[in-house]
Amino acid sequence: MTHSTVPAIATDWLRRPATDVAPDLIGCSLVRRFDDGSLYRGVIVETEAYTPGDPACHAYRRRTARNEVMFGPPGLCYVYLIYGMYHCINVVTNHDTVPSAVLIRALELDRLPPWIDEKQRQKPQRVAAGPGKLCRALQIDRTLNGNRFDVGQPLWLEPRTAAFQQSIVDGSMNLVQTTRIGLTQGVELPWRWYVADCPAVSKRG
DNA sequence: CTCACGATTGGA
DNA sequence: CCAATCGTGAGC
(Lines give C-alpha, C1' and ligand atoms only; values in the text may rest on other atoms or scores of the structure.)
Protein backbone atom coordinates (compact mmCIF):
# COMPACT_ATOMS: atom_id res chain seq x y z
CA MET A 1 0.00 0.00 0.00
CA THR A 2 1.54 3.22 -1.13
CA HIS A 3 1.17 6.67 0.29
CA SER A 4 -2.02 8.43 -0.80
CA THR A 5 -3.23 11.98 -0.56
CA VAL A 6 -6.76 13.28 -0.29
CA PRO A 7 -7.63 15.82 -2.98
CA ALA A 8 -9.22 19.07 -1.88
CA ILE A 9 -12.87 19.65 -2.72
CA ALA A 10 -13.02 21.10 -6.25
CA THR A 11 -14.37 24.49 -7.21
CA ASP A 12 -16.86 22.87 -9.59
CA TRP A 13 -18.40 20.90 -6.72
CA LEU A 14 -19.10 24.21 -4.96
CA ARG A 15 -20.62 25.90 -8.00
CA ARG A 16 -24.15 25.02 -6.88
CA PRO A 17 -26.80 26.70 -4.73
CA ALA A 18 -25.78 26.97 -1.08
CA THR A 19 -28.88 24.96 -0.15
CA ASP A 20 -27.47 22.02 -2.14
CA VAL A 21 -23.89 22.37 -0.93
CA ALA A 22 -24.70 22.84 2.77
CA PRO A 23 -26.01 19.29 3.42
CA ASP A 24 -23.27 17.82 1.21
CA LEU A 25 -20.56 19.54 3.27
CA ILE A 26 -21.66 17.62 6.36
CA GLY A 27 -19.03 14.92 6.88
CA CYS A 28 -16.42 16.75 4.83
CA SER A 29 -13.35 18.09 6.63
CA LEU A 30 -12.12 21.61 7.16
CA VAL A 31 -8.32 21.61 7.27
CA ARG A 32 -6.40 24.42 8.99
CA ARG A 33 -2.74 24.80 8.13
CA PHE A 34 -0.38 27.07 10.03
CA ASP A 35 2.87 28.60 8.82
CA ASP A 36 4.90 26.05 10.80
CA GLY A 37 3.26 23.31 8.72
CA SER A 38 1.03 21.99 11.50
CA LEU A 39 -2.40 20.75 10.44
CA TYR A 40 -5.69 20.47 12.28
CA ARG A 41 -8.69 18.72 10.79
CA GLY A 42 -12.32 19.09 11.79
CA VAL A 43 -15.20 17.04 10.43
CA ILE A 44 -18.06 19.39 9.57
CA VAL A 45 -21.12 18.33 11.57
CA GLU A 46 -23.36 21.41 11.22
CA THR A 47 -23.97 23.94 8.41
CA GLU A 48 -26.37 26.67 7.33
CA ALA A 49 -27.10 28.00 3.83
CA TYR A 50 -27.42 31.68 2.86
CA THR A 51 -28.65 32.65 -0.61
CA PRO A 52 -29.62 35.65 -2.72
CA GLY A 53 -33.19 36.63 -1.96
CA ASP A 54 -32.73 35.39 1.60
CA PRO A 55 -33.39 38.24 4.09
CA ALA A 56 -30.89 36.74 6.54
CA CYS A 57 -28.09 36.81 3.96
CA HIS A 58 -25.46 39.53 4.46
CA ALA A 59 -25.74 40.30 0.74
CA TYR A 60 -29.54 40.63 0.80
CA ARG A 61 -29.68 44.40 0.46
CA ARG A 62 -26.68 45.33 -1.63
CA ARG A 63 -23.05 44.71 -2.41
CA THR A 64 -20.81 46.23 0.28
CA ALA A 65 -17.17 46.04 1.37
CA ARG A 66 -18.00 43.34 3.92
CA ASN A 67 -20.09 41.03 1.73
CA GLU A 68 -17.91 41.50 -1.36
CA VAL A 69 -16.41 37.99 -1.36
CA MET A 70 -19.87 36.40 -1.34
CA PHE A 71 -20.27 37.80 -4.85
CA GLY A 72 -17.02 36.18 -5.93
CA PRO A 73 -16.44 32.72 -7.44
CA PRO A 74 -17.13 29.52 -5.49
CA GLY A 75 -14.36 28.23 -3.25
CA LEU A 76 -13.57 31.51 -1.54
CA CYS A 77 -13.55 31.93 2.21
CA TYR A 78 -15.92 34.52 3.70
CA VAL A 79 -15.00 35.43 7.27
CA TYR A 80 -16.72 38.16 9.25
CA LEU A 81 -16.73 39.52 12.79
CA ILE A 82 -19.91 39.10 14.81
CA TYR A 83 -20.87 40.81 18.08
CA GLY A 84 -17.47 42.49 18.09
CA MET A 85 -15.77 39.40 19.48
CA TYR A 86 -16.31 36.27 17.41
CA HIS A 87 -15.59 35.32 13.85
CA CYS A 88 -17.69 33.12 11.56
CA ILE A 89 -16.41 31.24 8.52
CA ASN A 90 -18.32 30.53 5.33
CA VAL A 91 -17.66 28.68 2.10
CA VAL A 92 -18.68 30.80 -0.89
CA THR A 93 -20.77 28.76 -3.32
CA ASN A 94 -22.61 29.08 -6.64
CA HIS A 95 -21.61 31.06 -9.72
CA ASP A 96 -19.51 34.19 -9.71
CA THR A 97 -21.71 37.28 -9.01
CA VAL A 98 -24.38 35.15 -7.26
CA PRO A 99 -23.98 35.93 -3.53
CA SER A 100 -24.25 32.59 -1.73
CA ALA A 101 -22.45 30.93 1.15
CA VAL A 102 -22.50 28.07 3.60
CA LEU A 103 -21.81 28.91 7.25
CA ILE A 104 -19.78 26.22 9.01
CA ARG A 105 -21.34 25.97 12.46
CA ALA A 106 -19.60 23.06 14.18
CA LEU A 107 -16.64 20.70 13.84
CA GLU A 108 -15.40 17.50 15.37
CA LEU A 109 -11.66 18.20 15.76
CA ASP A 110 -9.08 15.45 15.27
CA ARG A 111 -6.98 16.91 18.11
CA LEU A 112 -6.87 20.03 20.23
CA PRO A 113 -4.40 22.84 19.50
CA PRO A 114 -2.10 23.70 22.44
CA TRP A 115 -3.64 27.16 22.94
CA ILE A 116 -7.00 25.70 23.99
CA ASP A 117 -7.37 26.52 27.67
CA GLU A 118 -7.82 24.01 30.43
CA LYS A 119 -11.46 24.79 30.95
CA GLN A 120 -12.30 24.05 27.30
CA ARG A 121 -10.35 20.81 27.53
CA GLN A 122 -12.82 19.50 30.11
CA LYS A 123 -15.26 19.01 27.23
CA PRO A 124 -13.08 18.39 24.17
CA GLN A 125 -16.01 17.52 21.91
CA ARG A 126 -17.52 21.00 22.58
CA VAL A 127 -14.42 23.01 21.70
CA ALA A 128 -15.64 23.65 18.13
CA ALA A 129 -19.39 23.35 18.85
CA GLY A 130 -20.53 26.67 17.38
CA PRO A 131 -19.44 29.05 14.58
CA GLY A 132 -17.64 31.46 16.91
CA LYS A 133 -16.04 28.66 18.91
CA LEU A 134 -14.63 26.82 15.91
CA CYS A 135 -13.02 29.98 14.56
CA ARG A 136 -11.48 30.67 17.94
CA ALA A 137 -10.23 27.07 18.20
CA LEU A 138 -8.59 27.16 14.75
CA GLN A 139 -7.50 30.81 14.96
CA ILE A 140 -9.58 31.89 11.98
CA ASP A 141 -10.11 35.63 11.62
CA ARG A 142 -10.72 38.24 8.93
CA THR A 143 -7.14 38.08 7.68
CA LEU A 144 -8.33 34.88 5.93
CA ASN A 145 -11.32 36.58 4.32
CA GLY A 146 -11.26 36.21 0.52
CA ASN A 147 -8.68 33.39 0.57
CA ARG A 148 -9.25 30.40 -1.67
CA PHE A 149 -9.86 27.04 -0.02
CA ASP A 150 -7.01 25.05 -1.52
CA VAL A 151 -4.30 22.60 -0.49
CA GLY A 152 -1.32 24.44 0.94
CA GLN A 153 -3.42 27.49 1.81
CA PRO A 154 -4.26 28.24 5.46
CA LEU A 155 -7.60 26.51 4.87
CA TRP A 156 -8.98 23.86 2.56
CA LEU A 157 -11.78 21.31 2.38
CA GLU A 158 -11.63 17.54 1.97
CA PRO A 159 -14.47 15.23 0.87
CA ARG A 160 -16.24 12.72 3.07
CA THR A 161 -14.39 9.56 3.92
CA ALA A 162 -15.83 6.34 2.51
CA ALA A 163 -16.75 5.33 6.05
CA PHE A 164 -18.76 8.51 6.66
CA GLN A 165 -20.48 8.19 3.30
CA GLN A 166 -21.38 4.58 4.09
CA SER A 167 -22.80 5.47 7.51
CA ILE A 168 -25.24 7.82 5.80
CA VAL A 169 -26.13 5.27 3.13
CA ASP A 170 -26.76 2.48 5.65
CA GLY A 171 -28.67 4.78 7.98
CA SER A 172 -26.44 4.38 11.04
CA MET A 173 -25.97 8.17 10.86
CA ASN A 174 -28.74 10.63 10.14
CA LEU A 175 -28.77 14.21 8.89
CA VAL A 176 -31.34 16.54 10.39
CA GLN A 177 -32.67 19.51 8.40
CA THR A 178 -34.26 22.34 10.36
CA THR A 179 -34.47 26.13 10.68
CA ARG A 180 -31.43 28.34 11.20
CA ILE A 181 -30.25 29.74 14.54
CA GLY A 182 -29.90 33.26 15.92
CA LEU A 183 -31.65 35.12 13.09
CA THR A 184 -34.25 37.86 13.15
CA GLN A 185 -35.18 37.49 9.48
CA GLY A 186 -35.70 34.42 7.31
CA VAL A 187 -36.39 32.46 10.49
CA GLU A 188 -38.78 30.05 8.75
CA LEU A 189 -36.37 28.83 6.06
CA PRO A 190 -35.22 25.24 6.82
CA TRP A 191 -31.62 25.75 5.81
CA ARG A 192 -29.70 24.29 8.73
CA TRP A 193 -28.31 20.77 8.66
CA TYR A 194 -26.57 18.75 11.35
CA VAL A 195 -25.55 15.23 12.31
CA ALA A 196 -28.21 13.73 14.60
CA ASP A 197 -27.08 12.99 18.16
CA CYS A 198 -23.62 14.41 17.55
CA PRO A 199 -22.02 15.84 20.73
CA ALA A 200 -20.04 18.37 18.67
CA VAL A 201 -23.13 20.10 17.25
CA SER A 202 -23.94 23.59 18.62
CA LYS A 203 -26.91 24.31 20.88
CA ARG A 204 -30.23 22.69 19.97
CA GLY A 205 -28.45 19.82 18.27
C1' DC B 1 -21.67 61.39 10.27
C1' DT B 2 -24.16 58.88 13.75
C1' DC B 3 -25.65 55.05 16.28
C1' DA B 4 -28.44 50.76 16.79
C1' DC B 5 -27.49 46.21 16.18
C1' DG B 6 -25.75 41.46 14.97
C1' DA B 7 -25.41 34.20 11.04
C1' DT B 8 -22.50 34.40 19.41
C1' DT B 9 -21.12 32.93 23.71
C1' DG B 10 -20.61 32.21 28.61
C1' DG B 11 -21.93 33.44 32.94
C1' DA B 12 -25.64 35.14 36.54
C1' DC C 1 -32.00 36.54 31.58
C1' DC C 2 -28.05 39.53 30.29
C1' DA C 3 -23.49 41.73 29.20
C1' DA C 4 -19.31 41.83 26.35
C1' DT C 5 -17.46 44.48 22.35
C1' DC C 6 -16.81 46.74 17.72
C1' DG C 7 -17.38 46.80 12.65
C1' DT C 8 -21.04 47.59 9.67
C1' DG C 9 -24.47 49.98 7.15
C1' DA C 10 -29.03 52.23 7.07
C1' DG C 11 -30.74 56.53 7.72
C1' DC C 12 -30.44 61.29 8.62
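Lettering follows sequence order; numbering is per chain, from 1. All figures in this text were calculated on a predicted structure; none of them were measured in a lab.
- Going from atom NZ of A/Lys133 over to atom C1' of B/dT8 covers 11 Å, rounded to whole Å.
- The separation between A/Arg62 atom CZ and C/dG9 atom C1' is 6 Å, rounded to whole Å.
- Remark: P of B/dG10 and OH of A/Tyr86 are 5 Å apart, rounded to the nearest angstrom.
- Remark: C1' of B/dA7 and CH2 of A/Trp191 are 14 Å apart, rounded to the nearest angstrom.
- Figure legend: A/Arg66 and A/Tyr78 shown without cation-pi pairing, the cationic atom not lying both under 6.0 angstrom from the six-membered ring centre and within 45 degrees of its axis.
- Between the CZ atom of A/Arg142 and the C1' atom of C/dC6 there is a distance of 9 Å, rounded to whole Å.
- Aromatic ring centres of A/His58 and A/Tyr80 lie closer together than 6.0 Å.
- Atom-to-atom, OH of A/Tyr83 to C1' of C/dG7 comes out at 14 Å; the value is rounded to the nearest Å.
- Residue A/Trp156 holds its CH2 atom at 7.0 Å from CD of A/Glu158, rounded to the nearest 0.5 Å.
- Here A/Gln185 lies out of heavy-atom contact (under 4.0 Å) with every strand.
- Rounded to whole Å, atom C1' of B/dT8 lies 12 Å from atom CG of A/Leu183.
- Atom CZ in A/Arg180 sits roughly 11 Å away from atom P in B/dT8 (whole-Å rounding).
- Distance alone, capped at 3.5 Å, places no donor-acceptor pair between the A/Arg136 side chain and the A/Tyr86 backbone.
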